[in-house]
Amino acid sequence: MKSNLPVDILDDRKDFVCCKSGKGDGKVKCDSDSVAGSVSQRACVYCGARVVLNPITDAVHIVHGPIGCASYTWDIRGSLSSGPETYRNSFSTDLREQDVIFGGEKKLAGAIDEIIVKYSPKVVFVYSTCIVGVIGDDIEAVCKSAEKKHSIRVIPIQSTGFAGNKSQGYKAACNALLRLMGESIQPKVTGINFLGDFNLAGEIWIVEEYLKKCGINIITKITGDSRVEEIMKAPSAELNVVQCAGSMTYLAKEMDKRFGIPFVKVSFYGLEDTKTSIMQIAKAVGDKQVLEKAVELIMDEEYKASLMLEQYRQRLKGKRAAIYVGGGFKAISLIKQFADLGMKTVMVGTQTGKAEEYEIIRSIADEGAVILDDSNPAELEGFIKQKGADILVGGVKERPLAYKLGIAFCDHNHERKHPLCGFEGAVNFAKEVDMSINSPIWKFVKDENKCL
Amino acid sequence: MLDFTPKEYVDRSALVINPAKTCQPVGAMYAALGIHKCLPHSHGSQGCCAYHRKFLTRNFRDPVMASTSSFTEGAAVFGGGTNLKTAIRNIFSIYDPDIVAVHTTCLSETIGDDIPTFVMEAKVPEGKVVIHANTPSYVGSHVTGFSNMVKGMVKYLAQNSKTPNGKVNIIPGFINPGDMREIKRILKAMGIEFIMFPDTSGVLDAPMTGKYDMYPSGGTKIQDLIDSGNSKETIAFGSFASADGAFELEKKCKVPAKVLKTPIGITATDEFLMAVSRLTGKEIPQELEEERGQVVDIMVDCHYHYHGKKVAIFGDPDVVAALTEFTLSMGMIPKYVLTGTPGEAFEREVRGMLSEAGVDGKVKSAGDLFTLHQWIKEEPVDLLLGTTYGKYISKAEDIPLVRIGFPVLDRSVHSYLPITGYKGAMRIIEMISNALLDRQDRDAADEDLELIL
Ligand code: SF4
């Protein structure tokens, strides 16, 4: 079956790609390191940790390493804040040759002192990068003595780049969050924690609004638009609602163990998943009244959204979509969303999807769809062309690729400019897909080299 | 509130806040993309490569290809030799470039990987080439990385075969493809034969064809890189990004090196034209004379739009130094001039310009934007000239920002149009005066709004 794939694939990569055929065979290998020499789209441990923690708005994030790692992550996430903007500054020890030779601990301690004395932040996160793992700086010890000296929380994150991939970074971030929450059991408060929304384009505010209308209170948002004190209150919640499963399942499981907080997985992407998720949360924490309000809200919002969606459905019917996103859960929601718009998904790939997620993807993907893990531009190009996709959904590195191929693009990653979650997000999504697919620009692309 | 910077001076020795530079590998990657059919290869963990590609993609809005050695813990302990050799095999068999340009990262540098030996041991197919540059992230900045990769090209490829080609080598420096195009246009207009390396035009500003080419048609050909050892002279634009490559070529192939300022503004462009004219005996053609005359005409027409305005300039050293000279010649006051790249030479050069013009300004290398912001809080300026990262200061202090340099992440088209040459000078004047006049209109009371400015 794999030999059916007409696209050139590195031998070592063959197991990471499969094609959905009627027989239901073929598994996608996933969750392992990229092959040396591939143009991998994947990020590192540090990147995973940073994207999870960065949205905490009143925290200081010090990157302990040479300047690069700090530069590339300076305010890139697009998470919005309703208050403090501390997190949008870039702090780094900018390690130099001397520090690499003699160790960077002193510089780190100095940097922490300088920042605390001047700004007295609530918490300082200290990230280790590749080089710190090699020169052997004991950032744990530096942070501990800084905590003592200044009596604020200084939390080290073991995010040395090569020690795994993005998933390990997520885990390191979750561990930092757990440290912030502390050990003690807190008295329960009615309300939930929302895990795995990073408030891109203000998405958490939409979810918050829905839940408020149903009478459900969010205690802690992890981590979109959250603050340090809010995170510390997380152990008092009744339920953890997990949206970005890729980054947050570990935290949810740990919080279940430590604080006895059960969790449910949800997705607020697309009408179908939004409805299911609201009901799921309402059933888990609400009484009859909450359930009634939830049903009412869904009816209202769905009616409004479907009126708006109708025009897009007509304009998008029969178009073909290719998906290449970070996590498996998002891919699943997107497949459903495209189906709802009358579109066909012809390619689905993720960077860090898990085996269970690939199972679901296989079961709901359209016949003939190509499924792939941790892909590279050459593969993406091959499949996009072969399958005749009209649009690619992906992140920053995929955008120019799609455009160069002369097909539409939708950013479903850090650079989304409109909220894509909930009912209005589903409409925004359709609007963006339509705007790109039906832009008059493609006419010029197809008439290439024909000036007259 | 985006304004995080206090006015009182903060003494810092360990902490960098809001950097005005990034790490070497991204510069090396950019330089390598300026070779035709080259795949840059990042020898380190996969995250670095992903960051560098993303960063360049955001600036150029074009696909940026590069492969990685995908270091794991094993590689970090035992060295990355196996990774690099496997990578080279995989790269040639699947991506089929003509040349692979390997750069290191802070990780492979710290563990001391011996790249030349690895490359020698790797199986490189007949007719294909692998070159390398050491780009430790904890030294210099992205500009240093660019310079090191240019040096790598010379070291590995340039040859003096005792057959003079009569050409002039041009090392353009860390500038946009639109600028490289402009410099080439000028040379062609003068009828000068040249070899430009690296040359990212046609790679990172490639036209839409509806097809995706992993290797677009632009970039310096390997043959030309080899032949650069037979040229008459090398002109290197910028002492930070280009000089080392030129000196290396002088050392290796006896091609004399001449380092000029990046040709931004009239004076620097004049110097460039005069240098090549003297070298080749070619006259400066009417076409260029005319452009120069136009710039002067424009400057006469609207000098009062910007004369006496205070400007803060920040970004990469070569470009910032040239911009300082140009803004001075426009009658502006470069109050603060800052680069993130370390280098005393920069401070000396710019201080010299300022004192010659009698301007009392602050100059700093290895600085960050927090410092710049503090200066501005102490005494404000009328205009910011620099990268996208200036937008926080621009917003906090309500000062217009003209985006020039690397990176520009929040506007487009900049990489296609020049800031170099006479055309580039016109463009800079237009951007600066528009920014100032837009501000004047915005702030004018109804009764003060003027139709004609
Ligand atoms: S790990 Fe080093 S090379 Fe990689 S991005 Fe960070 S500073 Fe640059």
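These numbers were taken from a predicted model, which means no experiment stands behind them. A, B, ... follow the sequence lines: proteins, then strands. Residue 1 opens every chain.
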**Item:** Value rounded to 0.5 Å, distance of CG in D99(A) from OH in Y138(B)
**Value:** 11.0 Å
**Item:** Student check: side-chain heavy atoms of F91(A) and V16(B) closer than 4.5 Å
**Value:** no
**Prompt:** Roughly how far apart are T388(B) OG1 and D75(A) CG, rounded to 0.5 Å?
**Reply:** 11.5 Å
**Message:** Heavy-atom cut-off 4.5 Å, strictly under: side chain, backbone, both or neither for P207(B) against chain A?
**Reply:** backbone
**Request:** Flag the pair E97(A) / E109(B) as yes when at least one side-chain heavy-atom distance between them is below 4.5 Å, and no otherwise.
**Result:** no
**Request:** Could you walk me through whether T73(A) and Y51(B) pass the side chain to side chain contact (heavy atoms under 4.5 Å, CB included) test, one step at a time?
**Result:** CA-CA 9 Å; T73(A) 47; Y51(B) 276 142; 3.2 Å; yes
**Item:** N83(B) (side chain) donor-acceptor with A36(A) (main chain) under 3.5 angstrom
**Value:** no
**Prompt:** Taking the side chain as C-beta and beyond, is there a heavy-atom pair between S38(A) and Y95(B) under 4.5 Å?
**Reply:** yes
**Check against side chain to side chain contact (heavy atoms under 4.5 Å, CB included), I131(A) and L107(B)** = CA-CA 5 Å; I131(A) 201 168; L107(B) 173 58; over 6 Å; no
**Item:** Aromatic ring pairing Y72(A)/H52(B), orientation class (parallel under 30°, perpendicular over 60°, tilted between)
**Value:** perpendicular
**Asked** V117(A), I67(A), I115(A): which one forms the most heavy-atom pairs within less than 4.5 Å of chain B?
**Response** I67(A)
**Asked** Between CZ of F71(B) and OG1 of T160(A), what distance do you get to the nearest 0.5 Å?
**Response** 14.0 Å
**Asked** What is the minimum heavy-atom distance between V139(B) and R96(A), and which atoms define it?
**Response** C-NH2, 3.3 Å
**Asked** Checking L56(B) against chain A: side chain, backbone, both or neither under 4.5 Å from a heavy atom?
**Response** neither
**Prompt:** Which atom pair, heavy atoms only, marks the closest approach of G68(A) to T22(B)?
**Reply:** CA-OG1, 3.6 Å
**Message:** How long is the straight-line distance from CD of E381(A) back to CG of D213(B), given to the nearest 0.5 Å?
**Reply:** 8.0 Å
**Request:** With the side chain counted from C-beta on, respond yes when L15(B) and T93(A) share a heavy-atom pair under 4.5 Å apart, and no when they do not.
**Result:** no
**Item:** Within residues 66-84 of chain B or reaching into it, pairs that qualify as salt bridge (Lys or Arg N to Asp or Glu O under 4.0 Å) - sequence neighbours excluded
**Value:** none
**Request:** Could you check which of G48(A), C69(A), S71(A) has the highest count of heavy-atom pairs closer than 4.5 Å to chain B?
**Result:** S71(A)
**Message:** Would T57(B) and R399(A) count as a side chain to side chain contact (heavy atoms under 4.5 Å, CB included) here? Give the steps.
**Reply:** CA-CA 9 Å; T57(B) 294; R399(A) 179 191 293 269; over 6 Å; no
**Rounded distance (nearest 0.5 Å) linking atom CD1 of I17(B) with atom CG of N89(A)** = 7.5 Å
**Message:** Test your reading of the model: is there a side-chain donor-acceptor pair from K166(A) to the backbone of G47(B), 3.5 Å cut-off?
**Reply:** no
**Message:** Do F60(B) and P400(A) have side chains that approach each other closer than 4.5 Å (heavy atoms only, starting at C-beta)?
**Reply:** no
**Prompt:** Relative to chain A, which segment of C106(B) carries a heavy atom at a distance below 4.5 Å: side chain, backbone, both, or neither?
**Reply:** both
**Item:** Closest-packed option against chain A by number of heavy-atom pairs under 4.5 Å, given R61(B), Q24(B), E8(B), R58(B)
**Value:** R58(B)
**Asked** So do P19(B) and S92(A) actually touch side chain to side chain, heavy atoms under 4.5 Å?
**Response** no
**Asked** If contact means a heavy atom pair closer than 4.5 Å, which residues of residues 103-110 of chain A contact chain B?
**Response** K107(A), G110(A)
**Prompt:** Between CD of E379(A) and CD1 of I94(B), what distance do you get to the nearest 0.5 Å?
**Reply:** 7.5 Å
**Prompt:** Do W74(A) and Y392(B) touch side chain to side chain, with heavy atoms closer than 4.5 Å?
**Reply:** yes
**Residue F92(B) versus chain A: region with a heavy atom under 4.5 Å** = neither
**Message:** salt bridge (Lys or Arg N to Asp or Glu O under 4.0 Å) for K21(B) and D94(A)? Distances and angles first, verdict last.
**Reply:** CA-CA 10 Å; K21(B) 64 167 180 192; D94(A) 184 18; 2.8 Å; yes
**Complete:** Highest number of heavy-atom pairs under 4.5 Å with chain A among G44(B), G140(B), G80(B) belongs to G140(B)
**Prompt:** Under 4.5 Å between any side-chain heavy atoms of S13(B) and E114(A), yes or no?
**Reply:** yes
